[in-house]
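Lettering of chains follows the sequences in order, A, B, ..., and the numbering in each one begins at 1.
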Amino acid sequence: MTVKFRAPRGTKDILPDDIAEWRLVEETFRQWCTRYGYREIRTPTFEDMGLFERTVGETSDIVQKQMFAVMPYGSRHPIGEEERWILRPEGTAPVARALLEHGLLQQFPIVKVFYIAPIFRYERPQAGRLRQHHQCGVEAIGSSSPLLDVEVIALGFDFLTSVGADGFVINLNSIGCLNENCRPRYRQALIAYLQSHEQRLCEDCQRRLYTNPLRVLDCKEESCQTIVKDAPMSVDFLCDECREHFDAVRKGLDELGIAYELNGRLVRGLDYYTRTVFEFVHPKLGAQSTVLGGGRYDGLIEELGGNPTPGVGFGCGIERVLLVREANAQPKPKDAIVDVFIAVAADAAKDAALKLLYELRRAGIRTECDYLDRSLKAQMRYADKLGARFVLILGDEELRENVVTVRDMQKSEQWKEPSDKIASSLMALVTNSS
RNA sequence: GCGGGCGUAGCUCAGACGGUAAGAGCGUCAGGCUGUGGCCCUGAAGGUCGCGGGUUCGAAUCCCGCCGCUCGCCCCA
(Lines give C-alpha, C1' and ligand atoms only; values in the text may rest on other atoms or scores of the structure.)
Protein backbone atom coordinates (compact mmCIF):
# COMPACT_ATOMS: atom_id res chain seq x y z
CA MET A 1 0.00 0.00 0.00
CA THR A 2 1.29 3.43 -0.90
CA VAL A 3 0.20 5.91 1.74
CA LYS A 4 -0.55 9.42 0.54
CA PHE A 5 1.01 11.26 3.45
CA ARG A 6 3.73 10.46 5.93
CA ALA A 7 4.92 12.19 9.08
CA PRO A 8 7.18 15.14 8.15
CA ARG A 9 10.89 14.41 7.95
CA GLY A 10 12.48 14.38 11.36
CA THR A 11 9.22 13.85 13.25
CA LYS A 12 7.93 10.71 14.88
CA ASP A 13 4.46 9.44 15.68
CA ILE A 14 4.18 8.23 19.24
CA LEU A 15 1.84 5.25 18.88
CA PRO A 16 -0.44 3.69 21.51
CA ASP A 17 2.09 0.94 22.16
CA ASP A 18 4.76 3.58 22.93
CA ILE A 19 2.65 5.65 25.29
CA ALA A 20 3.19 3.62 28.45
CA GLU A 21 6.95 4.24 28.30
CA TRP A 22 6.51 7.95 27.54
CA ARG A 23 4.18 8.26 30.48
CA LEU A 24 6.63 6.44 32.69
CA VAL A 25 9.41 8.87 31.79
CA GLU A 26 7.20 11.94 32.10
CA GLU A 27 5.68 10.86 35.40
CA THR A 28 9.07 9.98 36.86
CA PHE A 29 10.30 13.42 35.88
CA ARG A 30 7.22 15.12 37.39
CA GLN A 31 7.66 13.16 40.55
CA TRP A 32 11.30 14.17 41.04
CA CYS A 33 10.58 17.79 40.21
CA THR A 34 7.77 17.84 42.76
CA ARG A 35 10.05 16.34 45.40
CA TYR A 36 12.56 19.10 44.72
CA GLY A 37 9.92 21.82 45.00
CA TYR A 38 9.49 22.65 41.32
CA ARG A 39 6.09 23.53 39.83
CA GLU A 40 4.99 22.82 36.28
CA ILE A 41 4.72 25.57 33.67
CA ARG A 42 3.44 25.42 30.10
CA THR A 43 4.23 28.08 27.54
CA PRO A 44 3.09 28.52 23.92
CA THR A 45 4.55 26.37 21.17
CA PHE A 46 5.60 29.47 19.23
CA GLU A 47 7.16 32.74 20.35
CA ASP A 48 8.44 36.00 18.94
CA MET A 49 11.67 35.47 17.03
CA GLY A 50 13.35 38.31 18.93
CA LEU A 51 13.14 36.32 22.14
CA PHE A 52 15.61 33.79 20.80
CA GLU A 53 17.82 36.25 18.93
CA ARG A 54 18.27 38.15 22.20
CA THR A 55 18.99 35.20 24.44
CA VAL A 56 20.25 32.23 22.45
CA GLY A 57 22.41 34.57 20.37
CA GLU A 58 22.47 36.01 16.85
CA THR A 59 25.54 34.01 15.97
CA SER A 60 24.32 30.69 17.37
CA ASP A 61 23.47 27.90 14.94
CA ILE A 62 19.98 27.71 16.39
CA VAL A 63 19.17 31.28 15.39
CA GLN A 64 21.18 31.32 12.20
CA LYS A 65 19.88 28.20 10.55
CA GLN A 66 17.66 26.01 12.73
CA MET A 67 14.48 27.96 13.41
CA PHE A 68 11.08 27.07 11.97
CA ALA A 69 9.07 30.18 11.08
CA VAL A 70 5.36 30.28 11.81
CA MET A 71 3.20 32.57 9.75
CA PRO A 72 -0.41 32.95 8.73
CA TYR A 73 -0.97 31.22 5.45
CA GLY A 74 -3.16 32.17 2.50
CA SER A 75 -3.98 35.13 0.33
CA ARG A 76 -5.86 37.00 3.05
CA HIS A 77 -2.71 37.21 5.15
CA PRO A 78 0.09 39.31 3.69
CA ILE A 79 3.29 38.71 5.61
CA GLY A 80 3.65 41.32 8.33
CA GLU A 81 7.00 42.43 9.65
CA GLU A 82 5.71 42.34 13.23
CA GLU A 83 4.63 38.74 13.06
CA ARG A 84 7.99 37.04 13.35
CA TRP A 85 6.97 33.86 15.12
CA ILE A 86 9.19 30.86 15.63
CA LEU A 87 8.41 27.34 16.81
CA ARG A 88 10.13 27.03 20.19
CA PRO A 89 13.74 25.88 19.51
CA GLU A 90 14.67 25.60 23.21
CA GLY A 91 12.95 25.73 26.57
CA THR A 92 14.66 28.28 28.78
CA ALA A 93 13.96 31.60 27.07
CA PRO A 94 10.17 31.07 26.80
CA VAL A 95 9.98 30.18 30.49
CA ALA A 96 12.03 33.24 31.46
CA ARG A 97 9.76 35.37 29.28
CA ALA A 98 6.61 34.00 30.93
CA LEU A 99 7.93 34.47 34.46
CA LEU A 100 8.84 38.07 33.68
CA GLU A 101 5.61 38.83 31.86
CA HIS A 102 3.45 37.66 34.76
CA GLY A 103 5.60 39.10 37.51
CA LEU A 104 6.29 35.78 39.19
CA LEU A 105 9.82 36.89 39.99
CA GLN A 106 8.25 39.64 42.15
CA GLN A 107 5.97 37.22 43.97
CA PHE A 108 8.55 34.68 45.03
CA PRO A 109 12.15 35.18 46.14
CA ILE A 110 13.11 32.13 44.10
CA VAL A 111 11.00 30.65 41.31
CA LYS A 112 11.51 26.97 40.52
CA VAL A 113 9.58 25.56 37.57
CA PHE A 114 9.72 22.59 35.23
CA TYR A 115 8.30 21.92 31.78
CA ILE A 116 7.72 19.06 29.35
CA ALA A 117 7.39 20.38 25.83
CA PRO A 118 8.05 19.74 22.14
CA ILE A 119 11.10 21.52 20.71
CA PHE A 120 11.64 22.31 17.03
CA ARG A 121 14.90 22.69 15.15
CA TYR A 122 15.46 22.51 11.41
CA GLU A 123 18.35 20.07 11.24
CA ARG A 124 19.34 17.03 9.24
CA PRO A 125 17.82 14.11 11.17
CA GLN A 126 20.04 11.28 12.35
CA ALA A 127 20.23 8.84 15.26
CA GLY A 128 19.05 10.74 18.34
CA ARG A 129 18.40 13.95 16.44
CA LEU A 130 14.96 15.03 15.23
CA ARG A 131 13.31 18.15 13.88
CA GLN A 132 10.65 17.84 16.51
CA HIS A 133 11.77 16.35 19.79
CA HIS A 134 10.61 16.62 23.37
CA GLN A 135 12.45 18.05 26.31
CA CYS A 136 11.78 17.97 29.98
CA GLY A 137 13.63 20.68 31.84
CA VAL A 138 13.85 22.80 34.97
CA GLU A 139 14.65 26.44 35.67
CA ALA A 140 15.56 27.80 39.11
CA ILE A 141 15.65 31.58 39.08
CA GLY A 142 16.46 34.09 41.81
CA SER A 143 19.65 32.95 43.50
CA SER A 144 23.29 32.72 42.54
CA SER A 145 23.97 30.21 45.30
CA PRO A 146 26.20 27.39 44.07
CA LEU A 147 23.91 25.07 46.02
CA LEU A 148 21.23 25.80 43.45
CA ASP A 149 23.59 24.62 40.71
CA VAL A 150 24.15 21.50 42.79
CA GLU A 151 20.40 21.03 43.23
CA VAL A 152 19.70 21.23 39.52
CA ILE A 153 22.46 18.76 38.70
CA ALA A 154 21.32 16.42 41.49
CA LEU A 155 17.76 16.57 40.17
CA GLY A 156 18.97 15.55 36.73
CA PHE A 157 21.05 12.81 38.31
CA ASP A 158 18.18 11.41 40.37
CA PHE A 159 15.74 11.56 37.48
CA LEU A 160 17.97 9.81 34.94
CA THR A 161 19.13 7.21 37.43
CA SER A 162 15.65 6.24 38.56
CA VAL A 163 14.17 6.24 35.06
CA GLY A 164 16.56 3.51 33.94
CA ALA A 165 18.94 5.79 32.03
CA ASP A 166 21.97 5.34 34.28
CA GLY A 167 25.47 4.87 32.93
CA PHE A 168 25.93 8.53 31.94
CA VAL A 169 28.98 10.67 32.66
CA ILE A 170 28.56 14.23 33.94
CA ASN A 171 30.83 16.74 32.24
CA LEU A 172 31.34 19.94 34.20
CA ASN A 173 32.96 23.26 33.45
CA SER A 174 32.78 26.94 34.34
CA ILE A 175 32.95 29.52 31.58
CA GLY A 176 33.02 32.47 33.97
CA CYS A 177 31.00 35.65 34.11
CA LEU A 178 30.96 38.82 32.04
CA ASN A 179 33.08 40.87 34.45
CA GLU A 180 36.10 42.37 32.74
CA ASN A 181 38.66 40.30 34.54
CA CYS A 182 36.81 37.02 33.97
CA ARG A 183 35.45 35.69 30.68
CA PRO A 184 36.47 38.75 28.59
CA ARG A 185 40.02 38.35 29.83
CA TYR A 186 39.91 34.65 29.05
CA ARG A 187 38.39 35.38 25.67
CA GLN A 188 41.30 37.63 24.81
CA ALA A 189 43.83 35.10 25.92
CA LEU A 190 42.08 32.41 23.90
CA ILE A 191 41.89 34.57 20.78
CA ALA A 192 45.53 35.47 21.12
CA TYR A 193 46.47 31.82 21.41
CA LEU A 194 44.26 30.74 18.53
CA GLN A 195 45.52 33.54 16.31
CA SER A 196 49.01 32.21 16.70
CA HIS A 197 47.74 28.96 15.17
CA GLU A 198 45.16 30.48 12.83
CA GLN A 199 46.56 28.94 9.65
CA ARG A 200 46.04 25.43 10.99
CA LEU A 201 42.44 25.93 12.15
CA CYS A 202 39.61 24.57 10.02
CA GLU A 203 37.61 26.96 7.86
CA ASP A 204 34.71 27.16 10.33
CA CYS A 205 36.99 27.87 13.23
CA GLN A 206 38.85 30.63 11.42
CA ARG A 207 35.48 32.36 11.23
CA ARG A 208 34.47 31.41 14.79
CA LEU A 209 37.71 32.86 16.04
CA TYR A 210 36.16 36.31 15.79
CA THR A 211 32.43 35.59 16.13
CA ASN A 212 32.41 33.03 18.93
CA PRO A 213 35.93 31.89 19.85
CA LEU A 214 34.81 29.64 22.71
CA ARG A 215 33.12 27.39 20.21
CA VAL A 216 36.47 26.52 18.67
CA LEU A 217 37.10 24.55 21.86
CA ASP A 218 34.59 21.84 21.02
CA CYS A 219 35.36 21.63 17.32
CA LYS A 220 35.69 17.98 16.28
CA GLU A 221 38.25 18.60 13.51
CA GLU A 222 41.45 16.81 14.32
CA SER A 223 43.66 19.75 13.40
CA CYS A 224 41.66 22.01 15.71
CA GLN A 225 41.66 19.44 18.48
CA THR A 226 45.45 19.31 18.60
CA ILE A 227 45.62 23.10 18.81
CA VAL A 228 42.88 23.23 21.43
CA LYS A 229 44.69 20.70 23.58
CA ASP A 230 47.22 23.33 24.66
CA ALA A 231 44.81 26.26 24.60
CA PRO A 232 44.23 28.27 27.76
CA MET A 233 41.31 26.97 29.83
CA SER A 234 38.51 29.11 31.16
CA VAL A 235 38.83 27.72 34.67
CA ASP A 236 42.31 29.22 34.87
CA PHE A 237 40.97 32.69 34.13
CA LEU A 238 37.97 32.80 36.46
CA CYS A 239 37.57 35.90 38.62
CA ASP A 240 37.63 35.34 42.39
CA GLU A 241 33.85 35.16 42.71
CA CYS A 242 33.50 32.67 39.85
CA ARG A 243 36.39 30.60 41.14
CA GLU A 244 34.75 30.47 44.57
CA HIS A 245 31.38 29.64 43.05
CA PHE A 246 32.78 26.81 40.95
CA ASP A 247 34.68 25.35 43.90
CA ALA A 248 31.47 25.38 45.93
CA VAL A 249 29.54 23.61 43.17
CA ARG A 250 32.18 20.90 43.05
CA LYS A 251 32.25 20.59 46.81
CA GLY A 252 28.48 20.21 46.93
CA LEU A 253 28.52 17.46 44.29
CA ASP A 254 31.34 15.70 46.14
CA GLU A 255 29.29 15.96 49.32
CA LEU A 256 26.36 14.23 47.62
CA GLY A 257 28.58 11.59 46.07
CA ILE A 258 27.69 12.64 42.54
CA ALA A 259 30.65 11.90 40.29
CA TYR A 260 31.59 14.30 37.48
CA GLU A 261 34.45 14.96 35.12
CA LEU A 262 35.99 18.38 34.64
CA ASN A 263 35.94 19.21 30.96
CA GLY A 264 37.63 22.46 30.03
CA ARG A 265 36.42 22.18 26.45
CA LEU A 266 32.75 22.11 27.39
CA VAL A 267 31.22 25.43 26.28
CA ARG A 268 27.70 24.83 24.89
CA GLY A 269 26.13 26.59 21.96
CA LEU A 270 23.71 29.02 23.58
CA ASP A 271 24.93 32.52 24.41
CA TYR A 272 23.07 33.01 27.66
CA TYR A 273 25.19 30.64 29.72
CA THR A 274 27.51 31.95 32.43
CA ARG A 275 29.63 30.22 35.06
CA THR A 276 28.56 26.60 35.51
CA VAL A 277 27.86 24.51 32.41
CA PHE A 278 27.27 20.77 32.36
CA GLU A 279 26.33 17.92 30.05
CA PHE A 280 25.24 14.40 30.94
CA VAL A 281 26.60 12.24 28.14
CA HIS A 282 25.95 8.56 27.61
CA PRO A 283 28.57 6.31 25.99
CA LYS A 284 25.95 4.04 24.42
CA LEU A 285 24.28 6.86 22.49
CA GLY A 286 26.46 7.29 19.38
CA ALA A 287 27.12 10.65 17.76
CA GLN A 288 24.38 12.52 19.61
CA SER A 289 25.46 11.52 23.07
CA THR A 290 24.21 14.35 25.28
CA VAL A 291 21.08 13.25 27.07
CA LEU A 292 20.81 16.22 29.44
CA GLY A 293 22.52 19.61 29.34
CA GLY A 294 22.34 22.95 31.04
CA GLY A 295 24.00 25.56 33.17
CA ARG A 296 23.75 28.92 34.81
CA TYR A 297 22.41 32.00 33.00
CA ASP A 298 22.91 34.97 35.29
CA GLY A 299 22.41 37.57 32.56
CA LEU A 300 19.32 36.17 30.89
CA ILE A 301 16.58 37.86 32.90
CA GLU A 302 18.23 41.25 32.58
CA GLU A 303 18.64 40.70 28.85
CA LEU A 304 14.87 40.29 28.62
CA GLY A 305 14.24 43.56 30.45
CA GLY A 306 13.96 42.34 34.04
CA ASN A 307 16.03 43.30 37.05
CA PRO A 308 19.38 41.51 37.13
CA THR A 309 18.41 38.04 38.38
CA PRO A 310 20.57 34.93 38.34
CA GLY A 311 19.26 31.51 37.32
CA VAL A 312 20.24 27.96 36.50
CA GLY A 313 18.54 25.05 34.69
CA PHE A 314 18.76 22.13 32.31
CA GLY A 315 17.00 20.55 29.36
CA CYS A 316 16.77 16.81 28.86
CA GLY A 317 15.87 15.08 25.61
CA ILE A 318 13.08 12.57 26.18
CA GLU A 319 13.73 10.66 22.95
CA ARG A 320 17.36 10.26 24.02
CA VAL A 321 16.28 9.05 27.45
CA LEU A 322 14.24 6.42 25.62
CA LEU A 323 17.29 5.48 23.52
CA VAL A 324 19.37 5.07 26.67
CA ARG A 325 16.66 2.95 28.29
CA GLU A 326 16.74 0.73 25.22
CA ALA A 327 20.54 0.53 25.29
CA ASN A 328 20.31 -0.36 28.98
CA ALA A 329 17.89 -3.18 28.05
CA GLN A 330 15.09 -1.71 30.15
CA PRO A 331 11.85 -3.59 29.50
CA LYS A 332 9.12 -1.65 27.73
CA PRO A 333 6.19 -1.15 30.08
CA LYS A 334 2.99 -2.73 28.80
CA ASP A 335 -0.48 -2.09 30.13
CA ALA A 336 -3.55 -4.24 29.64
CA ILE A 337 -5.96 -2.30 27.46
CA VAL A 338 -9.08 -3.26 29.42
CA ASP A 339 -9.99 -5.11 32.61
CA VAL A 340 -13.17 -6.74 31.41
CA PHE A 341 -14.52 -7.93 28.06
CA ILE A 342 -18.20 -8.65 27.52
CA ALA A 343 -18.78 -11.49 25.09
CA VAL A 344 -22.23 -12.03 23.62
CA ALA A 345 -23.12 -15.62 22.76
CA ALA A 346 -26.68 -15.03 21.53
CA ASP A 347 -28.39 -12.15 19.78
CA ALA A 348 -31.06 -12.09 22.46
CA ALA A 349 -28.43 -11.10 25.01
CA LYS A 350 -27.29 -7.96 23.18
CA ASP A 351 -29.54 -5.57 25.10
CA ALA A 352 -28.45 -6.93 28.45
CA ALA A 353 -24.82 -6.73 27.33
CA LEU A 354 -25.21 -3.12 26.29
CA LYS A 355 -26.59 -2.16 29.69
CA LEU A 356 -23.92 -4.10 31.50
CA LEU A 357 -21.16 -2.50 29.38
CA TYR A 358 -22.15 1.00 30.44
CA GLU A 359 -22.87 0.02 34.00
CA LEU A 360 -19.32 -1.28 34.38
CA ARG A 361 -17.69 1.64 32.60
CA ARG A 362 -19.58 4.08 34.79
CA ALA A 363 -18.47 2.13 37.84
CA GLY A 364 -14.87 2.81 36.77
CA ILE A 365 -14.00 -0.54 35.23
CA ARG A 366 -12.22 -0.53 31.86
CA THR A 367 -14.66 -2.52 29.76
CA GLU A 368 -14.84 -3.43 26.08
CA CYS A 369 -17.22 -5.45 23.91
CA ASP A 370 -17.51 -6.82 20.40
CA TYR A 371 -18.75 -4.54 17.61
CA LEU A 372 -18.25 -6.92 14.71
CA ASP A 373 -20.83 -9.64 15.47
CA ARG A 374 -18.10 -12.21 15.64
CA SER A 375 -18.18 -15.74 16.97
CA LEU A 376 -17.70 -16.38 20.67
CA LYS A 377 -14.32 -17.88 19.86
CA ALA A 378 -13.26 -14.73 18.04
CA GLN A 379 -14.51 -12.61 20.91
CA MET A 380 -12.48 -14.67 23.36
CA ARG A 381 -9.37 -14.28 21.24
CA TYR A 382 -9.93 -10.56 21.06
CA ALA A 383 -10.46 -10.35 24.82
CA ASP A 384 -7.13 -12.10 25.25
CA LYS A 385 -5.39 -9.70 22.90
CA LEU A 386 -6.77 -6.76 24.87
CA GLY A 387 -5.37 -8.23 28.05
CA ALA A 388 -8.77 -8.49 29.72
CA ARG A 389 -8.46 -10.19 33.09
CA PHE A 390 -12.13 -11.17 33.07
CA VAL A 391 -14.57 -12.06 30.32
CA LEU A 392 -18.31 -11.88 30.94
CA ILE A 393 -20.32 -14.24 28.79
CA LEU A 394 -23.96 -13.53 28.07
CA GLY A 395 -26.06 -16.06 26.14
CA ASP A 396 -29.41 -17.83 26.16
CA GLU A 397 -28.47 -19.93 29.12
CA GLU A 398 -27.49 -16.91 31.22
CA LEU A 399 -30.63 -15.01 30.25
CA ARG A 400 -32.78 -17.94 31.34
CA GLU A 401 -31.09 -18.19 34.71
CA ASN A 402 -30.69 -14.42 35.14
CA VAL A 403 -26.93 -14.77 35.63
CA VAL A 404 -23.69 -13.83 33.93
CA THR A 405 -20.82 -16.22 33.33
CA VAL A 406 -17.56 -14.76 34.61
CA ARG A 407 -14.32 -16.20 33.26
CA ASP A 408 -11.02 -15.45 34.92
CA MET A 409 -8.66 -15.48 31.94
CA GLN A 410 -5.55 -15.78 34.04
CA LYS A 411 -6.71 -18.71 36.14
CA SER A 412 -8.82 -20.30 33.39
CA GLU A 413 -11.71 -20.67 35.81
CA GLN A 414 -15.28 -19.62 35.30
CA TRP A 415 -18.47 -19.42 37.33
CA LYS A 416 -21.91 -17.87 37.29
CA GLU A 417 -22.80 -14.67 39.08
CA PRO A 418 -26.32 -13.21 39.64
CA SER A 419 -26.92 -10.39 37.16
CA ASP A 420 -27.76 -7.77 39.78
CA LYS A 421 -24.54 -8.35 41.72
CA ILE A 422 -22.15 -8.50 38.80
CA ALA A 423 -20.97 -4.89 38.92
CA SER A 424 -20.07 -4.88 42.59
CA SER A 425 -18.39 -8.28 42.57
CA LEU A 426 -16.38 -7.38 39.46
CA MET A 427 -15.34 -4.13 41.07
CA ALA A 428 -13.91 -6.14 43.95
CA LEU A 429 -12.21 -8.64 41.63
CA VAL A 430 -10.62 -5.97 39.44
CA THR A 431 -9.26 -3.92 42.33
CA ASN A 432 -7.87 -7.06 43.98
CA SER A 433 -6.16 -8.31 40.83
CA SER A 434 -4.49 -5.06 39.84
C1' G B 1 24.41 22.58 3.47
C1' C B 2 28.04 18.08 2.47
C1' G B 3 29.13 12.66 2.43
C1' G B 4 28.01 7.00 3.05
C1' G B 5 24.26 2.94 3.31
C1' C B 6 19.39 1.18 2.24
C1' G B 7 14.12 1.01 -0.14
C1' U B 8 10.33 -6.56 -1.69
C1' A B 9 3.17 -7.94 2.29
C1' G B 10 0.85 -4.13 8.37
C1' C B 11 6.03 -5.69 10.84
C1' U B 12 11.05 -8.34 10.46
C1' C B 13 13.39 -10.05 6.29
C1' A B 14 14.70 -14.04 2.21
C1' G B 15 14.99 -13.97 -3.23
C1' A B 16 19.82 -10.63 -7.16
C1' C B 17 25.98 -13.63 -12.43
C1' G B 18 18.68 -10.79 -15.71
C1' G B 19 14.86 -16.14 -17.34
C1' U B 20 10.63 -21.44 -15.60
C1' A B 21 6.45 -19.44 -9.21
C1' A B 22 6.13 -12.89 -5.81
C1' G B 23 8.36 -16.01 -0.93
C1' A B 24 8.98 -17.06 4.78
C1' G B 25 8.10 -15.90 9.90
C1' C B 26 5.13 -12.69 12.90
C1' G B 27 0.43 -10.15 12.70
C1' U B 28 -4.81 -10.20 10.64
C1' C B 29 -9.22 -13.24 9.27
C1' A B 30 -11.70 -18.06 9.11
C1' G B 31 -11.88 -23.15 10.35
C1' G B 32 -10.24 -27.72 13.25
C1' C B 33 -13.55 -27.16 18.77
C1' U B 34 -21.75 -25.39 15.34
C1' G B 35 -21.12 -21.35 23.73
C1' U B 36 -15.02 -20.37 25.27
C1' G B 37 -8.71 -17.22 24.78
C1' G B 38 -3.31 -18.53 25.23
C1' C B 39 -0.32 -23.90 22.55
C1' C B 40 -0.88 -26.76 18.05
C1' C B 41 -2.75 -27.78 12.99
C1' U B 42 -5.26 -26.25 8.20
C1' G B 43 -6.66 -22.54 4.96
C1' A B 44 -7.49 -17.37 3.31
C1' A B 45 -6.80 -12.27 2.59
C1' G B 46 -2.85 -8.92 1.92
C1' G B 47 2.39 -6.79 -2.92
C1' U B 48 2.06 -1.45 -9.27
C1' C B 49 9.21 -5.64 -5.61
C1' G B 50 9.75 3.31 -3.55
C1' C B 51 8.61 6.35 -8.35
C1' G B 52 10.04 7.44 -13.48
C1' G B 53 13.00 6.41 -17.57
C1' G B 54 16.73 3.30 -20.13
C1' U B 55 19.31 -1.43 -21.73
C1' U B 56 17.18 -6.36 -23.20
C1' C B 57 13.40 -11.27 -26.47
C1' G B 58 12.74 -10.86 -21.04
C1' A B 59 14.16 -6.48 -15.17
C1' A B 60 12.50 -7.24 -8.08
C1' U B 61 17.56 -8.35 -10.16
C1' C B 62 21.75 -4.18 -14.66
C1' C B 63 22.21 1.53 -15.77
C1' C B 64 20.50 6.77 -15.00
C1' G B 65 17.36 10.36 -12.58
C1' C B 66 14.00 11.52 -8.67
C1' C B 67 11.73 10.61 -3.91
C1' G B 68 11.90 8.48 0.86
C1' C B 69 14.37 6.35 5.03
C1' U B 70 18.87 5.82 7.64
C1' C B 71 23.93 6.74 9.50
C1' G B 72 27.88 10.33 9.77
C1' C B 73 29.87 15.66 9.24
C1' C B 74 27.94 20.09 11.31
C1' C B 75 25.14 21.22 15.72
C1' C B 76 22.85 19.83 20.05
C1' A B 77 18.56 17.31 23.87
Side-chain angles (χ1 to χ4, degrees), chain A residues 1-3 5-12 15 17 56 60-66 88-92 116-137 156 160 165 168 202-205 208 212 215 218-222 224 266-270 278-282 285-294 313-324 341 343-346 349 372 374-399 405-414:
Chain A
M1 184 177 54
T2 316
V3 290
F5 298 100
R6 15 181 86 252
R9 188 161 166 73
T11 68
K12 279 214 161 38
L15 300 174
D17 276 348
V56 174
S60 67
D61 279 35
I62 289 179
V63 168
Q64 283 200 333
K65 48 191 185 193
Q66 297 180 348
R88 167 178 47 218
E90 65 100 38
T92 300
I116 301 174
I119 303 283
F120 305 84
R121 287 182 207 164
Y122 187 82
E123 299 188 85
R124 198 66 190 269
Q126 69 185 72
R129 192 173 77 185
L130 298 163
R131 287 182 174 177
Q132 178 182 183
H133 73 279
H134 298 77
Q135 280 188 27
C136 52
L160 286 179
F168 51 81
C202 73
E203 215 174 289
D204 283 336
C205 285
R208 286 185 187 126
N212 202 344
R215 291 276 305 289
D218 65 348
C219 181
K220 311 294 189 298
E221 287 288 331
E222 211 174 298
C224 298
L266 176 60
V267 294
R268 305 193 49 75
L270 288 74
F278 54 86
E279 279 183 8
F280 291 38
V281 300
H282 204 286
L285 231 40
Q288 311 301 321
S289 60
T290 301
V291 63
L292 183 153
F314 70 68
C316 174
I318 296 180
E319 282 85 352
R320 288 188 188 170
V321 170
L322 262 23
L323 288 174
V324 172
F341 188 91
V344 173
L372 295 171
R374 300 209 290 181
S375 68
L376 183 61
K377 181 194 188 72
Q379 293 182 61
M380 294 299 290
R381 269 208 258 262
Y382 186 43
D384 192 57
K385 188 179 175 70
L386 295 179
R389 175 66 197 274
F390 301 98
V391 173
L392 306 184
I393 301 167
L394 276 169
D396 291 324
E397 193 182 317
E398 285 80 5
L399 282 183
T405 296
V406 180
R407 181 173 179 82
D408 182 329
M409 298 291 274
Q410 218 166 79
K411 294 181 178 162
S412 294
E413 293 167 359
Q414 66 186 55

Taken to the nearest whole Å, CZ/Arg407(A) to P/rG37(B) is 7 Å

Under-3.5 Å donor-acceptor pair between Arg6(A) side chain and rC67(B) base: no

From NZ of Lys377(A) across to C1' of rG32(B) the rounded distance in Å is 8 Å

Checking rG35(B), rU70(B), rG27(B) against the side chain of Glu397(A) (C-beta onward), the nearest is rG35(B)

Applying the 3.5 Å cut-off to both distances, the Watson-Crick or G-U partner of rC66(B) turns out to be rG50(B)

Atom CZ of Arg129(A) and atom C1' of rC73(B) are separated, to the nearest Å, by 9 Å

Is any N or O donor-acceptor pair between the side chain of Ser412(A) and the base of rG38(B) shorter than 3.5 Å? yes

Query raised in the report: Does any donor-acceptor pair link the side chain of Glu398(A) with the base of rG35(B) at a separation under 3.5 Å?
Result: yes

Assign each of Gln414(A) and Gln288(A) the nucleotide of RNA chain B bearing its closest heavy atom; nearer the 5' end lies the nucleotide of Gln414(A)

Among rG35(B), rU28(B), rA77(B), the one nearest any side-chain atom of Thr405(A) is rG35(B)

Out of rG72(B), rU70(B), rA77(B), minimum distance to the side chain of Leu270(A) belongs to rA77(B)

- request: Report yes or no: is the cationic atom of Arg88(A) (NZ for Lys, CZ for Arg) under 6.0 Å from the centre of the six-membered ring of Phe120(A), at an angle within 45° of the ring normal?
  value: no

Exercise for the section: Mark yes or no for a side-chain to base donor-acceptor pair under 3.5 Å between Gln379(A) and rU36(B), with no hydrogen or angle criteria applied. Expected result: no

Checklist entry - Which part of the nucleic acid, if any, lies within contact of Gly128(A), taking any heavy atom under 4.0 Å across all strands shown: a base, the sugar-phosphate backbone alone, or nothing? => result base

Mind checking if Leu292(A) touches a base, just sugar-phosphate, or nothing, with heavy atoms under 4.0 Å?
sugar-phosphate

- Message: Categorize Leu130(A) for me: base, sugar-phosphate, or nothing, with a 4.0 angstrom heavy-atom threshold over every strand shown.
- Response: base

Margin query: Please determine whether a side-chain nitrogen or oxygen atom of Lys12(A) lies at a distance below 4.0 Å from atom OP1 or OP2 of rU70(B).
Written below: yes

Walking RNA chain B from its 5' end, the first of Arg9(A) and Glu279(A) to be reached, judged by nearest nucleotide, is Arg9(A)

Rounded to whole Å, the CZ-C1' distance (Arg268(A) to rA77(B)) equals 8 Å

As its Watson-Crick or G-U partner within any shown strand, both distances under 3.5 Å, rC57(B) has rG19(B)

Of the listed rG31(B), rC73(B), rU36(B), the closest approach to the Arg381(A) side chain comes from rG31(B)

Distance between P atoms of rC2(B) and rA59(B) (Å, rounded)
35 Å

Base, sugar-phosphate alone, or nothing: which one does Ala127(A) contact when heavy atoms must sit under 4.0 Å apart? sugar-phosphate

(Q) By the 4.0 Å heavy-atom rule, please label Ile393(A) as base, sugar-phosphate, or nothing. (A) base

Between the base of rC74(B) and the side chain of Gln126(A), is one N or O donor paired with an acceptor at under 3.5 angstrom?
yes

Among the nucleotides rC76(B), rG37(B), rG1(B), whichever has the atom closest to the side chain of Arg124(A) is rG1(B)

* Asked: Cut-off 3.5 Å, side chains only: do Thr290(A) and Glu279(A) have a donor facing an acceptor?
  -> yes

